[in-house]
Number of protein chains: 4
Amino acid sequence: MSMNSFGHLFRVTTWGESHGPALGATVDGCPPNVPLEPEMLQQWLDKRRPGQNKNTTQRNEPDAVKILSGVFDGMSTGTPIQLMIENTDQRSKDYGEISQTFRPGHADITYFQKYGNRDYRGGGRSSARETAARVAAGGVAREAIKALAPGLEIKGYMTRMGELEIDRSRFDWDAIEQNDFWIPDAGAVQEWEDYLQSLRKAHDSVGAVVEVVARGIPAGIGAPVYGKLDTDLAAAMMSINAVKGVEIGEGMNAARLKGSENADEIFMGKNGPEYSSNHAGGILGGISTGQDVVVRFAVKPTSSILTPRQSIRKDGSAVEVITKGRHDPCVGIRAVPVAEAMMACVILDHLLLHRGQIGENQGHIG
Amino acid sequence: MSMNSFGHLFRVTTWGESHGPALGATVDGCPPNVPLEPEMLQQWLDKRRPGQNKNTTQRNEPDAVKILSGVFDGMSTGTPIQLMIENTDQRSKDYGEISQTFRPGHADITYFQKYGNRDYRGGGRSSARETAARVAAGGVAREAIKALAPGLEIKGYMTRMGELEIDRSRFDWDAIEQNDFWIPDAGAVQEWEDYLQSLRKAHDSVGAVVEVVARGIPAGIGAPVYGKLDTDLAAAMMSINAVKGVEIGEGMNAARLKGSENADEIFMGKNGPEYSSNHAGGILGGISTGQDVVVRFAVKPTSSILTPRQSIRKDGSAVEVITKGRHDPCVGIRAVPVAEAMMACVILDHLLLHRGQIGENQGHIG
Amino acid sequence: MSMNSFGHLFRVTTWGESHGPALGATVDGCPPNVPLEPEMLQQWLDKRRPGQNKNTTQRNEPDAVKILSGVFDGMSTGTPIQLMIENTDQRSKDYGEISQTFRPGHADITYFQKYGNRDYRGGGRSSARETAARVAAGGVAREAIKALAPGLEIKGYMTRMGELEIDRSRFDWDAIEQNDFWIPDAGAVQEWEDYLQSLRKAHDSVGAVVEVVARGIPAGIGAPVYGKLDTDLAAAMMSINAVKGVEIGEGMNAARLKGSENADEIFMGKNGPEYSSNHAGGILGGISTGQDVVVRFAVKPTSSILTPRQSIRKDGSAVEVITKGRHDPCVGIRAVPVAEAMMACVILDHLLLHRGQIGENQGHIG
Amino acid sequence: MSMNSFGHLFRVTTWGESHGPALGATVDGCPPNVPLEPEMLQQWLDKRRPGQNKNTTQRNEPDAVKILSGVFDGMSTGTPIQLMIENTDQRSKDYGEISQTFRPGHADITYFQKYGNRDYRGGGRSSARETAARVAAGGVAREAIKALAPGLEIKGYMTRMGELEIDRSRFDWDAIEQNDFWIPDAGAVQEWEDYLQSLRKAHDSVGAVVEVVARGIPAGIGAPVYGKLDTDLAAAMMSINAVKGVEIGEGMNAARLKGSENADEIFMGKNGPEYSSNHAGGILGGISTGQDVVVRFAVKPTSSILTPRQSIRKDGSAVEVITKGRHDPCVGIRAVPVAEAMMACVILDHLLLHRGQIGENQGHIG
């Protein structure tokens with residue numbers, strides 16, 4: 001079954017392995033007449049790519065994206081857009097041991113059990129490098145959103161890294177893009193950096209929580225009952241490597257609340273309904289309320305660490321695994337631009353569905 | 001866009017509104033030669049349906065499921081199975097006020113904003129009553145699973161209701177089906193019941209966490225990178241009414257762990273690989289490891305409470321809403337059989353995909 | 001795999017067997033606010049159903065369609081529409097021989113080879129009775145088209161029955177619905193009737209060609225390169241029981257033409273481009289030109305005849321088969337309303353896709 | 001909507017324009033462990049590509065296919081296979097007139113009406129050059145079929161070119177690949193060549209009929225009622241550029257036959273059921289009988305001719321169009337390898353569906 005695609009009308013298929021000649025995304029369903037140049041996509045890849053700072057891995061690839069189809073004279077034509085990123089930094093090395101060994105916490109063993117044949121170089125298809133293709137596709141989605149819903153803004157940031165959590169009372173939207181952790185608090189950056197360096201020195205890694213927010217989304221976007229906006233967002237985030245939990249609005253904490261606390265009260269504002277709070281995370285019944293759509297997810301600590309772990313080889317023999325090489329002590333950092341890209345794709349998809357579905361029939365309040 | 005279907009090969013489309021003549025599920029892709037009788041499905045509907053005990057709503061419907069197609073002489077034929085549940089307890093009442101008012105925390109307002117036309121009786125399509133159709137479809141999936149993966153067991157239970165949480169040290173798998181809360185601890189039942197009754201008296205409601213486990217799933221089930229087993233499970237659970245968060249294995253807590261703590265070590269057992277722990281929740285890279293698949297989700301407290309809340313009418317005027325009538329103080333209780341059904345559907349779907357995809361090519365270890 | 005659905009945004013799943021309790025269609029993706037009452041659908045079912053005249057079978061069923069969901073106060077709500085037709089005329093009879101025998105030219109043998117289990121009563125799922133569900137769904141599509149493309153008209157008619165072919169020089173659009181054969185020539189009706197009665201007396205059957213035309217379709221509807229308007233129409237018609245060939249515009253005859261004869265020349269008219277001819281059948285590159293969309297298909301003669309044919313039983317033994325009972329000597333007659341319904345579904349689907357895809361970006365000529 | 005994909009489990013998305021940097025196919029769903037090397041695909045591209053002989057266009061491109069992903073150490077891994085063909089022969093020229101003019105019989109005008117923006121160079125996305133990507137994907141399908149259904153053979157050939165038709169009594173299966181027209185009659189080649197050269201000199205073009213046969217397909221492949229084997233084949237062939245009609249088995253001629261003539265009688269052979277004839281074209285009820293699957297389709301004459309034709313420009317003004325440049329007088333010739341590729345994709349898809357659907361449940365006869 002083809003399982004490398006997501007989206008309904010805006011459909012993205014990623015392809016490629018970590019150490020093959022190239023990887024990319026086939027983007028089908030982009031509306032025509034969207035201005036598109038490689039540099040519009042490159043900015044997001046640059047945000048994501050490794051080697052940018054000392055907090056992420058040292059693998060240094062330009063990750064230059066090429067547009068091979070679907071764009072003519074700087075405008076989308078409505079035909080499939082092929083985005084290709086060539087793999088330039090493929091260090092030659094002896095893969096003998098890696099080809100026989102399953103790293104604990106990695107997809108090595110399950111890919112082998114499923115397929116009996118895997119590209120083991122650098123994780124192959126299961127490598128986080130696949131997310132570069134998502135980021136490129138997300139760049140296309142962002143440009144299309146500009147035309148369909150001007151003013152809609154999507155921003156991701158970390159809210160937790162291991163023991164550290166952001167202080168919501170110091171939340172600063174504008175600080176996010178000013179630091180390597182994408183945290184909304186300039187004053188906390190030093191502490192986060194020290195913490196990460198201590199982990200690196202301890203040959204360990206740590207998990208993280210990332211939050212992504214879409215501001216300025218119109219009310220009425222989404223669709224019951226299995227293509228809900230929150231359902232599609234949950235799937236999109238869970239599909240990112242290493243993600244183990246996804247929350248909308250109040251998230252897991254909703255279980256602790258009473259009905260009298262949780263239901264956001266509604267008032268009539270100048271431009272339509274307004275809400276006393278946003279426990280719902282901007283979604284009711286799978287459809288947007290017009291409030292901020294708030295998604296949060298947890299990334300597990302990378303299993304590629306220098307601390308030895310017990311495992312087995314293909315022949316069943318025991319082996320102690322130490323993962324050398326270039327690895328992020330907190331992969332959650334690089335998940336931020338990936339999650340933004342996924343949210344952009346999901347929202348564009350539902351904006352397109354919305355246009356086809358109802359048009360002028362939308363209900364008016366007030 | 002048709003958004004009322006889920007599944008790849010085993011595809012379920014639910015239809016129907018809370019107070020229409022009937023609701024049901026169109027199940028396409030069930031393998032042939034699966035024994036199917038209405039009573040096999042009815043047992044799960046009886047588990048879910050309201051009026052069973054004093055902890056759920058008093059609406060008393062037999063919820064009798066009829067099989068209208070796809071089964072001949074007690075065996076599935078491979079053609080679509082139509083499951084219909086007639087709505088028999090539709091109390092006539094004056095819907096004048098409800099038709100004009102949006103209840104806080106409900107999908108009333110977003111359905112109206114999206115469609116401009118909604119069946120407001122009892123929540124219409126957004127009613128939790130739609131989940132009866134899922135439970136019926138899940139019953140079909142369970143029977144098919146019996147043939148494809150004998151011994152595979154799916155069980156759900158509550159782990160939290162508001163302030164109360166289960167004590168994992170007292171976990172008793174066999175106690176789950178012996179109490180109205182589906183909790184794995186017979187000794188805690190009285191406390192849970194007292195807590196719920198106090199909420200009911202306080203005219204309030206409360207959220208819950210439900211955990212669902214699949215035991216005996218083969219290794220190698222699932223598919224990268226967007227049709228992952230965890231991605232599909234996250235979508236399935238998030239699509240259930242009132243769910244705000246989904247976790248696999250360690251879930252949101254993975255963010256607090258170090259790599260040295262989180263990666264499950266691998267050892268060679270008699271029948272294949274074994275693991276020192278199950279932080280992964282039985283899934284690596286979207287593919288099953290053969291360990292228990294563990295999914296957890298949070299259900300928000302129902303917004304249908306007797307405590308007054310501020311809201312607006314269609315014309316924008318303010319109104320104070322009190323939701324009278326038959327409502328569960330904790331909808332999480334009834335989410336248990338629904339979640340089991342969703343997991344059964346997802347797992348059957350991936351078992352079918354597995355057969356088509358690889359067959360004898362699966363990798364062998366040891 | 002679920003294979004009982006068609007359509008992209010307007011998605012129809014039919015279910016049910018010839019002699020089960022009921023059959024129907026689950027229609028997902030109908031826009032909201034379309035006026036819908038059962039009698040709007042019933043008119044098309046009445047046109048199709050058997051027992052209407054002496055030229056079709058004598059099985060007399062009211063084929064009354066019920067709307068079980070998705071419509072509220074006479075308007076579609078945007079949620080799934082369940083259409084059910086109960087089977088009322090299920091004559092009890094001994095199916096012993098039929099259960100063991102494969103009729104030549106029927107799907108009996110292939111269903112058995114595929115599934116190993118089939119509802120053999122009256123053809124089960126492969127019965128032409130399944131098309132009643134398509135006709136009901138097509139009725140929904142017609143009502144939605146009225147709102148999206150006022151003036152669009154879909155009409156089918158026979159152009160050949162065995163040796164008889166219509167005389168195009170006598171083509172009368174208004175005569176079509178005035179006779180039992182749906183032929184566009186009142187003067188030929190008696191000849192067609194005599195021919196059919198002679199076949200019936202000879203215990204034989206005959207094939208037919210049906211043509212369906214959509215008038216008033218806007219230019220620019222359709223989508224390259226696999227969801228073309230002609231691709232979707234070809235699939236829709238080929239999916240109808242007994243259809244063996246499908247043509248668009250010039251059809252198979254295009255193979256005999258020269259380029260200088262076949263290309264329709266373009267001129268500028270008052271309201272946009274006009275064409276000197278319509279060899280293309282209203283479609284270029286999979287997208288509508290605005291001319292009549294013309295589809296034609298051949299229906300094979302029914303294999304259910306009183307003339308004995310050689311066949312085998314399940315155990316491999318030889319048997320001579322005579323199909324008694326109520327059967328049309330020319331099933332092509334009843335294919336007319338079915339084909340109209342399929343065309344309505346395909347066109348609505350592409351009208352909806354068109355809205356979502358481009359909106360105001362459509363190119364303007366002149 | 002993404003409309004550039006086809007297939008259910010074996011899913012192919014083509015991308016690219018005639019004169020862009022590259023074109024290709026994203027192939028998702030290929031089973032793992034299929035031997036794959038570029039030269040296995042190249043042989044089919046060489047069969048299709050222009051410049052091979054004097055009967056096709058003179059555009060000379062190597063059409064070298066690169067495998068960018070999904071293959072490791074010469075074996076498929078089960079992950080997406082990216083096939084890229086770079087466009088090397090893009091003659092620079094002044095597109096001023098072409099950008100403003102709509103060629104009669106081409107998709108120029110409808111693409112513009114749909115999208116308002118098109119890559120007009122060489123037909124852009126609507127160019128037959130897109131079919132190179134299909135041929136590459138078909139090569140992958142052929143290799144996978146070898147593993148799943150050894151002995152299955154797919155072969156296409158021309159049966160008509162304008163006035164010329166093959167003589168079925170002289171049908172020679174082995175002659176097909178020995179001549180430039182892929183006709184099954186060595187003795188007719190000279191006549192066909194003379195005819196084509198006369199058309200070229202007359203500055204004209206002509207249509208064709210192509211027939212494709214699959215031999216050795218197992219019984220029981222296919223699926224009712226909308227994913228029928230014949231439905232999928234009809235869509236696959238109709239999606240090829242310039243195709244205007246598709247037939248299965250007896251095709252349009254079935255309309256002229258009587259039931260007593262058309263139904264293939266069944267006998268028990270040594271290895272299962274055998275048939276007295278094959279009017280059905282190897283398919284009953286959408287499922288294979290085990291006989292040859294026979295598909296036939298008509299290709300219209302190319303509209304790119306030197307004979308002047310009337311048309312209009314974007315601004316509505318009249319213009320006389322003569323298409324200079326490199327064009328086939330009969331595009332049907334090159335449709336042969338494309339149709340073989342499409343049939344390979346459809347059959348592999350249904351072989352994969354068959355495995356997932358029923359396995360050992362298949363019915364046994366005799």
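Interface remark: Arg313(A) contributes backbone atoms only to the contact with chain B (heavy atom separation under 4.5 Å). For Leu199(A), the part lying under 4.5 angstrom from a heavy atom of chain B is the side chain only. Heavy atoms closer than 4.5 Å to chain B are found in both the backbone and the side chain of Tyr111(A). Heavy-atom distances place no part of Met158(A) under 4.5 Å from chain B, backbone and side chain included. For a residue to count as touching a neighbouring chain, one of its non-hydrogen atoms must lie under 4.5 Å from one of that chain's; by this rule Ser126(B) does not touch chain A. At a 4.5 Å heavy-atom cutoff, His203(A) makes no contact with chain B through either its backbone or its side chain. For Arg309(A), the parts lying near chain B are the backbone and the side chain together; criterion is any non-hydrogen pair under 4.5 Å. Interface residue Val299(B): only backbone heavy atoms are found under 4.5 Å from chain A. Both the backbone and the side chain of Asp230(A) have a heavy atom closer than 4.5 Å to some heavy atom of chain B. Neither the backbone nor the side chain of Ser317(A) has a heavy atom closer than 4.5 Å to any heavy atom of chain B. Of the two parts of Lys314(A), only the backbone, made up of N, CA, C and O, holds a non-hydrogen atom closer than 4.5 Å to a non-hydrogen atom of chain B. Both the backbone and the side chain of Ser311(A) come within less than 4.5 Å of a heavy atom of chain B.
Annotation: maximal heavy-atom pairing with chain B below 4.5 Å, among Gly245(A), Pro104(A), Ala235(A), Ser260(A), occurs at Ser260(A). For chain A, the option among Gly316(B), Gly286(B), Ala255(B) with the highest count of heavy-atom pairs below 4.5 Å is Ala255(B). Here Arg134(A) is the residue among Arg118(A), Lys300(A), Arg134(A) with the most heavy-atom pairs under 4.5 Å with chain B. The most heavy-atom pairs under 4.5 Å with chain A, out of His279(B), Lys244(B), Arg296(B), Arg125(B), come from Lys244(B). No other option in Ser276(B), Gly285(B), Ala254(B) has as many heavy-atom pairs under 4.5 Å with chain A as Ala254(B). Between chain A and the residues Leu233(B), Val225(B), Asn262(B), Val206(B), the largest count of heavy-atom pairs under 4.5 Å involves Val225(B). Put simply, of Asp315(A), Asn241(A), Asp204(A), the one with the most heavy-atom pairs under 4.5 Å next to chain B is Asp204(A). Of the listed residues (Ala107(A), Gly105(A), Ser239(A)), the one with the most heavy-atom contacts under 4.5 Å to chain B is Ser239(A). Of the listed residues (Gly227(B), Ala318(B), Ala263(B)), the greatest number of heavy-atom pairs within a distance under 4.5 Å of chain A belongs to Ala263(B). When the candidates Gly281(A), Gly123(A), Gly162(A) are compared by the number of heavy-atom contacts under 4.5 Å with chain B, Gly162(A) comes out ahead. Taking Thr289(B), Leu164(B), Thr307(B), Ile109(B) one by one and counting their heavy-atom pairs under 4.5 Å with chain A, the maximum is reached by Ile109(B). Your options are Ser288(A), Gly290(A), Ala208(A), Gly269(A), and the one with the most heavy-atom pairs under 4.5 Å with chain B is Ala208(A).
The shortest distance between side-chain heavy atoms of Pro224(A) and Tyr115(B) falls below 4.5 Å. Contact of the Gln100(B) side chain with the Val319(B) side chain is not registered, since no non-hydrogen atoms from C-beta on lie closer than 4.5 Å. For the pair Ile283(A) and Lys228(A), the minimum side-chain heavy-atom distance is 4.5 Å or more. Annotation: side chain of Pro273(B) is not in contact with side chain of Phe267(B) (no heavy-atom distance under 4.5 Å). With a 4.5 Å cut-off on side-chain heavy atoms, Met237(B) and Met342(B) count as touching. Using a 4.5 Å heavy-atom cutoff, the side chains of Val295(B) and Glu211(B) are not in contact. Proximity of Gln310(A) to Ile266(B): side-chain heavy atoms (C-beta onward) are nowhere separated by under 4.5 Å.
In this structure, CG in Leu353(B) is found 9.0 Å from CD1 in Ile221(B), a value given to the nearest 0.5 Å. Note that CG of Leu229(A) and CE of Met3(B) are 10.0 Å apart. Values are rounded to the nearest 0.5 Å. Of the inter-residue distances, the one linking Ser277(A) atom OG with Gln291(A) atom CD reads 7.0 Å to the nearest 0.5 angstrom.
When the shell of 6.0 Å around CZ of Arg256(B) is examined, it contains 12 or fewer heavy atoms from other residues, nucleotides or ligands.
Ionic pairing of Asp108(B) and Arg103(B) is present here: one or more N-O contacts between side-chain nitrogen and carboxylate oxygen are shorter than 4.0 angstrom.
For Tyr195(B) and Arg200(B), the side-chain atoms include no donor-acceptor pair closer than 3.5 Å.
Aromatic pair Phe112(A)/Phe102(A): ring centres closer than 6.0 Å.
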